[in-house]
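Note on naming: letters A, B, ... go to the chains in the order of the sequence lines (proteins, then strands), and numbering restarts at 1 for each one.
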2 protein chains.
Amino acid sequence: MGELDLELQKSISRGGWKQDPAGVQLNILAVATSEFAANGLSGARMDEIAAKTRTSKRMIYYYFGDKEGLYRRVLEEAYRKVREGERDLDLDHLSPVEALTRLAEFTFDHHSSNPNFIRLVMIENIHHGAYIRQSELIGRLNAGAIEKLETICRRGKKAGVFREDVDPLELHWQISALSFFNVSNRATFSLIFGDRLYSAGGQETLRQHVVKTVLRFAVKADQAP
Amino acid sequence: MGELDLELQKSISRGGWKQDPAGVQLNILAVATSEFAANGLSGARMDEIAAKTRTSKRMIYYYFGDKEGLYRRVLEEAYRKVREGERDLDLDHLSPVEALTRLAEFTFDHHSSNPNFIRLVMIENIHHGAYIRQSELIGRLNAGAIEKLETICRRGKKAGVFREDVDPLELHWQISALSFFNVSNRATFSLIFGDRLYSAGGQETLRQHVVKTVLRFAVKADQAP
DNA sequence: ATACGAATTAACCAGCTCGTTCAAAGTTCT
DNA sequence: AGAACTTTGAACGAGCTGGTTAATTCGTAT
């Protein structure tokens with residue numbers, strides 16, 4: 001009986017199936033992303049990933065070679081999506097101060113709503129960036145990652161509202177640090193100090209203060225609002 | 001010959017040996033700390049830890065029960081050491097501004113020179129703080145973790161140099177965010193944007209700016225230096 | 001239609017990893 | 001002296017895990 005069902009099932013599923021290489025790969029990547037983000041590279045299980053896929057383990061190896069290959073592709077896709085999101089953020093029609101405000105807000109919000117990306121970056125840092133280093137795609141992708149900030153800074157200095165010695169890279173570092181930490185250390189921070197800062201109101205306050213902090217860092221003291 | 005050496009070795013080491021439970025445990029914890037910090041909980045190998053110990057795997061299980069028990073103790077020790085370091089940082093004889101400066105500098109430097117602690121916290125956040133949650137020691141330990149900042153804030157407000165609405169917890173969040181990110185994301189950041197910020201000079205600049213940023217956040221606008 | 005490469009399936013395997021077990025002996029405390 | 005604790009050393013095994021083998025079906029260019 002059990003056997004009969006099994007045989008039936010088999011013949012049915014063997015019967016008709018459509019090819020969908022792109023879809024299968026996307027599906028695998030989506031599942032793998034959350035699994036790696038949840039458990040890390042060594043913590044993730046290929047069998048588990050395969051099980052949550054609409055396809056089989058064999059297909060993962062067929063398309064991605066091995067575990068590390070899959071992880072590398074997951075990383076690349078994650079970075080690609082982030083850059084894609086940043087792309088259509090046009091700041092050129094805004095004043096330097098407004099543009100910087102908008103960029104900081106965007107970064108804070110983006111990180112906040114993409115914890116999986118944050119977790120992948122954390123994991124990659126645990127590995128000392130060993131896999132990002134291998135990816136020439138990510139290198140290419142991020143080459144122009146601070147272009148926007150460089151433009152803002154140039155305009156801000158020209159307009160006389162930004163300090164002359166403000167460094168776009170350091171500015172990016174500050175925005176990243178505050179926005180990243182907010183997500184990356186949420187678990188330990190709220191366990192130790194309570195989750196007051198992670199309530200809806202707490203996050204709103206934090207967001208405003210991050211923007212204010214960044215602006216104060218870039219804008220001349222006498223030009224402050 | 002090989003056999004003979006082995007027998008000799010055995011009889012010698014079997015001969016006289018001192019008991020040193022505390023020392024053995026410390027040794028295990030030290031090795032386990034760097035292994036877990038380097039490879040994460042799932043990435044670390046008990047055999048590898050045992051091999052780098054002056055004792056045997058058997059003793060690890062004797063003292064710590066299982067892998068997670070060992071990991072928990074490693075975490076606890078790491079947090080305990082940090083709090084111990086903070087303890088003899090007496091800020092009460094300094095002015096509020098000086099005290100805040102000193103605390104920010106200390107945090108930045110401490111994190112900078114304790115990457116293993118940072119990595120353990122990163123790893124623990126990957127686990128959503130599942131193991132810190134289990135430790136009542138760490139809860140007790142960190143209960144008074146922001147006491148110092150509360151004192152500083154109280155004194156700063158009383159003296160009229162700090163903003164009235166400055167929140168000690170948020171201040172701690174800011175200091176932590178900037179100091180933590182500096183270490184935690186060093187690998188990916190310098191791979192993508194170059195290691196200019198991580199040169200000796202870059203770090204000195206960063207440190208000064210972190211302090212400045214924190215001060216600007218707490219101190220009244222008209223009281224700024 | 002048919003040949004051929006791409007896509008898919010299911011079962012399988014070798015090695016690793018955590019944790020255990022056994023047998024013995026030395027040390028410290030009381 | 002005796003009880004309780006600490007240390008040694010080696011082997012082992014059950015289950016998991018990454019990766020593979022072999023066979024089958026689909027899409028399509030000729």
Side-chain angles (χ1 to χ4, degrees), chain A residues 2-3 5-29 31-32 35-36 38-74 127 131, chain B residues 2-29 31-32 35-36 38-74 131:
Chain A
E3 287 180 39
D5 284 5
L6 219 64
E7 284 306 313
L8 193 64
Q9 196 77 32
K10 197 189 271 182
S11 66
I12 284 174
S13 66
R14 273 223 182 132
W17 49 270
K18 292 269 163 60
Q19 287 190 182
D20 183 14
V24 166
Q25 289 181 58
L26 263 302
N27 178 234
I28 293 172
L29 281 175
V31 173
E35 285 299 304
F36 281 129
N39 309 311
L41 173 53
S42 57
R45 301 286 162 241
M46 293 301 278
D47 284 311
E48 188 66 18
I49 293 174
K52 294 187 177 173
T53 296
R54 92 161 82 106
T55 177
S56 67
K57 189 164 68 154
R58 184 62 188 83
M59 291 308 289
I60 300 179
Y61 285 92
Y62 180 65
Y63 283 123
F64 301 98
D66 59 6
K67 194 184 189 181
E68 294 192 358
L70 177 60
Y71 174 73
R72 243 177 281 130
R73 282 289 305 279
V74 163
H127 298 308
Y131 300 92
Chain B
E3 287 180 39
L4 226 154
D5 284 4
L6 219 64
E7 284 305 313
L8 193 62
Q9 196 77 33
K10 197 189 271 184
S11 67
I12 286 175
S13 64
R14 273 223 182 130
W17 49 272
K18 290 267 163 62
Q19 284 191 184
D20 184 14
V24 167
Q25 290 180 58
L26 262 300
N27 177 235
I28 293 173
L29 281 174
V31 172
E35 285 298 304
F36 282 128
N39 309 314
L41 174 53
S42 57
R45 301 284 162 244
M46 293 301 279
D47 284 311
E48 188 66 20
I49 294 174
K52 294 186 178 175
T53 297
R54 92 162 82 105
T55 176
S56 66
K57 190 164 67 153
R58 183 68 191 78
M59 292 307 289
I60 299 180
Y61 284 93
Y62 180 66
Y63 281 122
F64 301 97
D66 59 6
K67 194 185 189 181
E68 294 193 358
L70 178 60
Y71 174 73
R72 242 176 283 131
R73 283 290 305 278
V74 163
Y131 300 92

Take the protein atom CD of A:Glu48 and the nucleotide atom C1' of D:dT17, then report the distance between them rounded to whole Å. 12 Å

With rounding to the nearest 0.5 Å, note down the distance linking CG in A:Leu29 to CD1 in A:Ile60. 10.0 Å

Could you check whether B:Ala22 gets within reach of a base, just the sugar-phosphate, or nothing at all, counting any heavy atom under 4.0 Å? nothing

More 5' along DNA chain D: B:Tyr62 or A:Leu41, using each one's nearest nucleotide? B:Tyr62

Between P on D:dT17 and CD on A:Glu68, what's the gap in Å once rounded to a whole number? 17 Å

Check residues 51-58 of chain A and write down every donor-acceptor pair under 3.5 Å in which the side-chain atom is one partner and the other belongs to a residue at least two apart or another chain.
| residue | atom | partner | partner atom | Å |
| --- | --- | --- | --- | --- |
| A:Lys52 | NZ | A:Glu35 | OE2 | 2.8 |
| A:Thr53 | OG1 | A:Ile49 | O | 2.8 |
| A:Lys57 | NZ | A:Asp47 | OD1 | 3.1 |

Whole-Å distance separating the CE atom of A:Met46 from the P atom of C:dA14: 20 Å

Considering every strand and a 4.0 Å limit on heavy-atom distances, what is the contact class for B:Phe64: base, sugar-phosphate, or nothing? nothing

Quick one: side-chain hydrogen bond (donor to acceptor under 3.5 Å, both in side chains) partners of B:Tyr61, sequence neighbours excluded? none

Would you kindly give the CG-to-P distance between B:Asp47 and D:dA11, to the nearest whole Å? 14 Å

Residue pair B:Lys57/B:Val24 against DNA chain D: nearer the 5' end by closest nucleotide is B:Val24

Can you tell me how far P of D:dG9 sits from CZ of B:Arg58, to the nearest Å? 14 Å

Phosphate oxygens OP1/OP2 of C:dA10: is one of them under 4.0 Å from a side-chain N or O of A:Ser56? no

Separation of atom CE in B:Met59 from atom P in D:dA10, rounded to whole Å: 16 Å

Out of curiosity, B:Asn39 CG to A:Leu41 CG, how far, rounded to the nearest 0.5 Å? 11.0 Å

Distance-only donor-acceptor test (3.5 Å): side chain A:Lys67, base D:dG19: no

Assign B:Ala50 to base, sugar-phosphate, or nothing according to its heavy-atom contacts below 4.0 angstrom with the strands shown. nothing

Send over the distance from B:Asp66 CG to D:dG15 P, rounded to a whole Å. 18 Å

If I take atom CD from residue B:Glu68 and atom OH from residue B:Tyr71, how far apart are they, to the nearest 0.5 angstrom? 9.5 Å

Starting at atom CG of B:Leu70, determine the distance to atom C1' of C:dG19, rounded to an integer number of angstrom. 13 Å

